Amino acid sequence: MALKIYNTLTRTKELFVPIEEGKVKMYVCGPTVYNFFHIGNARPFIVFDAFRHFLQYIGYQVIYVQNITDIEDKIIKSANEENVSTAEIASKYTKAFFKDIEKLGIKKADYYPKASAFVKEMIELIKVLIEKDYAYESDGDVFMSVEKVANYGKLSGKLIDKLQVGARVEENQAKRNPLDFVLWKKAKPNEPFWESPWSKGRPGWHTECVVMSQHYLGTPFDIHCGGIDLIFPHHENEIAQAESASGKKFVNYWMHNEYLNIKGEKMSKSLGNFFTTREILKKYDGEVIRMFFLSKHYRSPIDFSEQLMIEAQKGLENLYNSLRLADFSPKSEFNETEQFKEAFSKYEQKFISALEDDFNTASGIAVLFEISREIKKRLSKNKKITKQEKQDVYLLAVILYRLGKIIGLFNKEEKFQKNIDRNFEDILGLLIKIREELRQRQDWELADKIRIGLKKLGIILIDKKDGTEWEVVL
RNA sequence: GGCGACAUAGCCAAGUGGUAAGGCAGAGGCCUGCAAAGCCUUUAUACCUCAGUUCGAAUCUGAGUGUCGCCUCCA
């Protein structure tokens with residue numbers, strides 16, 4: 001078994017060979033903090049987080065870096081609209097970002113560099129590019145000269161002379177070639193600025209990722225990730241700067257996730273057809289959102305809809321049910337028998353080889369359902385379950401749990417672990433007892449009042465032959 | 001105009017040469033005061049079309065149709 005990654009640069013699946021044995025250095029393009037991020041933006045955050053978990057599981061030490069873009073035109077615009085400083089906008093939405101990704105079950109990156117903290121380094125990089133004649137100054141602005149860059153377009157497959165310049169954006173007269181992109185931007189009145197040899201201004205967008213990724217990960221580093229829309233111009237321009245300045249290869253593997261669509265169209269802020277992750281989190285648990293994204297391959301476009309979210313939710317419930325039916329608890333002890341090890345390795349192998357094939361999470365999740373089905377089957381076929389059978393089922397649940405954990409599922413322990421809060425359970429038990437009495441008296445109205453009332457609180461009562469059980473809704 | 005992606009059951013979705021994983025929905029059954037939930041069983045005979053390569057193709061090649069994306073900021 002070996003890990004294969006689809007590399008945008010070569011447009012093929014390649015065997016993954018790390019630069020340093022046992023280590024993966026990974027950079028994921030993060031948010032521009034001018035607004036709440038939308039549910040489509042959540043896709044890379046979630047999938048690449050899951051991939052990181054997986055890489056760690058198969059034994060890599062992963063250094064994971066995600067930038068926070070806190071210098072940018074849209075932040076300035078947003079600040080003007082809300083009539084506060086750009087720093088306040090950035091700080092507000094950075095906090096919101098961290099809050100939201102936590103709810104999505106995303107583990108913190110090792111580093112979250114902010115663009116504003118690296119302006120000095122960016123200026124140094126721009127100086128080098130000017131010295132080497134890759135960049136030029138024009139009235140306080142600095143531009144990267146695309147024609148000077150060998151192989152410009154190698155990532156996106158675009159040829160300079162075939163691009164439709166000016167088709168959708170006005171040409172800038174200060175540029176020598178209309179495709180040249182800005183490295184340093186002179187500040188207009190009332191815009192925030194930094195001192196530089198060229199003007200009071202701010203760095204262009206692409207430069208920060210070049211500087212910050214290399215700062216933490218070195219040159220070259222292993223994996224650079226982001227949404228497919230970043231291929232051009234963002235990542236193309238990163239390569240141009242980084243490789244021109246250093247003379248070395250910038251990144252070995254480029255990974256890009258496809259879009260989240262809505263009604264067949266790309267979800268985007270400019271089209272206005274988006275939901276913020278925040279809104280969606282009000283309706284669905286972060287883990288449901290994770291399930292939704294991981295149920296598909298990251299390089300396929302997905303359509304977002306209420307129906308599909310509900311499907312993801314039901315599927316996840318299904319898995320949790322199996323854990324609950326098996327009386328699984330992550331804390332209880334069990335014996336790792338030979339039989340367990342054998343069964344574990346059978347499913348684990350299947351799961352891992354799915355993930356190793358360019359992170360095929362959809363196929364991996366199918367393995368989880370396979371185990372889930374096996375658990376339920378065993379429990380139902382045997383009306384009277386022996387102690388041994390019960391143990392076997394428990395071991396299957398352990399396997400299910402461990403594999404799910406690899407991609408960041410099963411963090412809602414209250415879903416299968418019932419003794420979280422003694423007090424809570426006692427009170428609930430009392431209510432159930434009262435309802436039982438009411439049912440015996442056939443006072444259905446009052447009995448239903450309890451059931452419906454609890455449902456509103458997120459607790460579902462399940463009446464069975466030998467008593468009433470309960471369950472917490474996601 | 002240039003470049004690229006995708007097209008598998010009602011819906012979602014794996015599967016890159018040997019006769020179709022999985023989920024949701026549906027149907028039948030069990031359970032049940034009702035309901036909800038749960039469980040069991042079941043659900044693709046041409047994988048967009050046509051042509052080709054092959055003993056054999058959803059899987060490779062060519063042509064076509066359709067959908068979407070990039071070439072502006074965008075995950």
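Every chain is numbered from 1 and lettered A, B, ... according to where its sequence line falls, protein lines coming before strand lines. Keep in mind the model is a prediction, meaning the values are calculated, not measured.
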Legend entry - Whole-angstrom distance between B:rA44 and B:rA9, as gauged at atom P: 12 Å

Legend entry - B:rG38 phosphate, OP1 or OP2, under 4.0 Å from A:Asn321 side-chain N/O: yes

Inset, instruction - For A:Glu258, answer base if it contacts any base atom (sugar-phosphate contacts may also be present), sugar-phosphate if it contacts only those atoms, and nothing otherwise; contact means non-hydrogen atoms under 4.0 Å. - result: base

Inset, instruction - Give A:His38 one of three labels, base, sugar-phosphate or nothing, depending on what nucleic acid heavy atoms sit under 4.0 Å from its own. - result: base

Inset, instruction - Let me know, please, whether A:Arg439 or A:Tyr6 comes out on the 5' side of the other along RNA chain B by nearest nucleotide. - result: A:Tyr6

Legend entry - Sugar-phosphate, base or nothing in reach of A:Ile231, heavy atoms under 4.0 Å: nothing

Legend entry - Closest to the A:Asn360 side chain, choosing from B:rG33, B:rG15, B:rG23: B:rG15

Legend entry - Nearest listed nucleotide, side chain of A:Lys377, among B:rA75, B:rG22, B:rU41: B:rU41

Legend entry - Rounded distance in Å - CG (A:Leu461) to C1' (B:rG38): 14 Å

Inset, instruction - Tell me, please, whether A:Tyr34 has A:Lys269 positioned over its six-membered ring: NZ or CZ under 6.0 Å from the ring centre and within 45 degrees of its axis? - result: yes

Legend entry - A:Met291 CE to B:rC12 C1', straight-line distance once rounded to whole Å: 12 Å

Inset, instruction - Write down the distance separating the P atoms in B:rA36 and B:rG28, rounded off to the nearest Å. - result: 15 Å

Inset, instruction - Tell me which nucleotide among B:rC12, B:rA37, B:rG23 gets nearest to the side chain of A:Arg373. - result: B:rG23

Legend entry - Presence of A:Lys296 side-chain N/O under 4.0 Å of B:rG23 phosphate oxygens OP1/OP2: no

Inset, instruction - Nearest whole angstrom, please: distance from the P of B:rC34 to the NZ of A:Lys449. - result: 22 Å

Inset, instruction - For the residue pair A:Val210 and A:Met122, establish whether any side-chain heavy-atom pair is separated by less than 4.5 Å. - result: no

Inset, instruction - Decide if atom CD of A:Glu445 counts as having more than 12 heavy atoms of other residues, nucleotides or ligands within a radius under 6.0 Å. - result: no

Inset, instruction - Would you indicate which nucleotide in B:rC70, B:rG4, B:rA35 comes nearest to any side-chain atom of A:Arg11? - result: B:rG4

Inset, instruction - Measure the distance from OH on A:Tyr298 to C1' on B:rC12 and round it to the nearest whole Å. - result: 20 Å

Inset, instruction - Answer with base, sugar-phosphate or nothing: what part of the nucleic acid does A:Arg299 contact at a heavy-atom distance below 4.0 Å? - result: nothing

Inset, instruction - Would you indicate which nucleotide in B:rA14, B:rA75, B:rA36 comes nearest to any side-chain atom of A:Asp229? - result: B:rA75

Inset, instruction - Select one nucleotide: of B:rA14, B:rC12, B:rG33, the one nearest the side-chain heavy atoms of A:His297. - result: B:rA14

Inset, instruction - Give the nucleotide from the list B:rC24, B:rG22, B:rG69 with an atom nearest to the side chain of A:Asn318. - result: B:rC24

Legend entry - Beyond-backbone contact of A:Phe181 with A:Phe143, side-chain heavy atoms, under 4.5 angstrom: no

Inset, instruction - May I ask you to say what A:Asp448 touches in the nucleic acid, namely base, sugar-phosphate or nothing, with a heavy-atom cut-off under 4.0 Å? - result: base

Legend entry - Watson-Crick or G-U stems of RNA chain B, 3 or more pairs, under 3.5 Å, by first number: B:1-7 with B:65-71, B:10-12 with B:22-24, B:26-30 with B:38-42, B:48-52 with B:60-64

Inset, instruction - Name the nucleic acid region contacted by A:Lys314, choosing base, sugar-phosphate or nothing; use a 4.0 angstrom heavy-atom cut-off, strictly under. - result: sugar-phosphate

Inset, instruction - Determine the interatomic distance between P on B:rU8 and the same-named atom on B:rC68; round to the nearest Å. - result: 15 Å

Inset, instruction - Mind checking A:Phe45 for me? I need base, sugar-phosphate or nothing, with any heavy atom below 4.0 Å counting as a touch. - result: nothing

Inset, instruction - For A:Glu265 and B:rA5, give me the distance from atom CD to atom P, rounded to whole Å. - result: 21 Å

Inset, instruction - Quickly work out the A:Arg441 CZ to B:rG33 C1' distance and round it to whole Å. - result: 16 Å

Inset, instruction - Record whether the side chain of A:Lys158 comes under 3.5 Å of the base of B:rC70 through a donor-acceptor pair of N or O atoms. - result: yes

Legend entry - Atom C1', compared across B:rU19 and B:rG62: separation rounded to whole Å: 25 Å

Inset, instruction - Could you tell me whether A:Asp303 contacts a base, only the sugar-phosphate backbone, or nothing, with contacts defined as non-hydrogen atoms closer than 4.0 Å? - result: nothing

Inset, instruction - Measure the shortest side-chain to side-chain distance between A:Thr361 and A:Phe54 over non-hydrogen atoms and say whether it is less than 4.5 angstrom. - result: no

Inset, instruction - Can you tell me, in whole Å, how much space there is between the P of B:rC12 and that of B:rA25? - result: 15 Å

Inset, instruction - Identify which nucleotide among B:rC70, B:rC34, B:rG22 has an atom closest to any side-chain atom of A:Phe232, counting heavy atoms from C-beta outward. - result: B:rC70

Legend entry - Backbone of A:His38 reached by a side-chain donor or acceptor of A:Thr277 within 3.5 Å: yes

Inset, instruction - Tell me which of A:Ile302 and A:Leu325 sits closer to the 5' end of RNA chain B, going by the nucleotide each one is nearest to. - result: A:Ile302

Inset, instruction - Sticking with atom P, work out how far B:rG4 lies from B:rA20, rounded to a whole angstrom. - result: 34 Å

Legend entry - B:rC47 versus B:rA58 - spacing of their P atoms, nearest Å: 7 Å

Inset, instruction - Look at all strands and tell whether A:Leu230 reaches a base, only sugar-phosphate, or nothing, counting heavy atoms closer than 4.0 Å. - result: sugar-phosphate

Legend entry - Aromatic plane relationship, A:Phe36 with A:Tyr93 - under 30° parallel, 30 to 60° tilted, over 60° perpendicular: perpendicular

Inset, instruction - Select base, sugar-phosphate, or nothing to describe what A:Gly157 touches, counting heavy atoms under 4.0 Å on all strands. - result: sugar-phosphate

Inset, instruction - Nearest whole angstrom, please: distance from the P of B:rA75 to the NE2 of A:His224. - result: 13 Å

Inset, instruction - Counting heavy atoms from C-beta on, name the nucleotide in B:rA75, B:rA13, B:rC40 closest to the side chain of A:Lys376. - result: B:rC40

Legend entry - Shortest non-hydrogen contact between A:Met309 and A:Val288, atoms and distance: O-CG1, 3.8 Å

Legend entry - A:Asp357, nearest nucleotide to its side chain (from B:rC11, B:rG15, B:rG4): B:rG15

Inset, instruction - Under 4.0 Å between any heavy atoms, over every strand shown, what does A:Pro233 touch: base, sugar-phosphate, or nothing? Just pick one. - result: sugar-phosphate

Inset, instruction - If the plane angle is over 60° it's perpendicular, under 30° parallel, otherwise tilted; pick one for A:Trp254 and A:His224. - result: parallel

Legend entry - Neighbour count above 12 (heavy atom, 6.0 Å) for A:Tyr111 OH: no

Legend entry - B:rU42 versus B:rG33 - spacing of their C1' atoms, nearest Å: 30 Å

Inset, instruction - Mind telling me whether A:Phe51 and A:Tyr298 have parallel, tilted or perpendicular rings, with 30° and 60° as the class edges? - result: perpendicular

Inset, instruction - Report yes or no: is there a donor-acceptor pair, N or O only, under 3.5 Å between the side chain of A:Glu311 and the base of B:rG23? - result: yes

Legend entry - Stacking of A:Trp444 on B:rG33 base (centres under 5.5 Å, planes under 30°): yes

Inset, instruction - State whether the number of non-hydrogen atoms from other residues, nucleotides or ligands found under 6.0 Å of A:Lys346 atom NZ is greater than 12. - result: no

Inset, instruction - Could you check how far CD of A:Gln440 sits from C1' of B:rC34, rounded to whole Å? - result: 17 Å

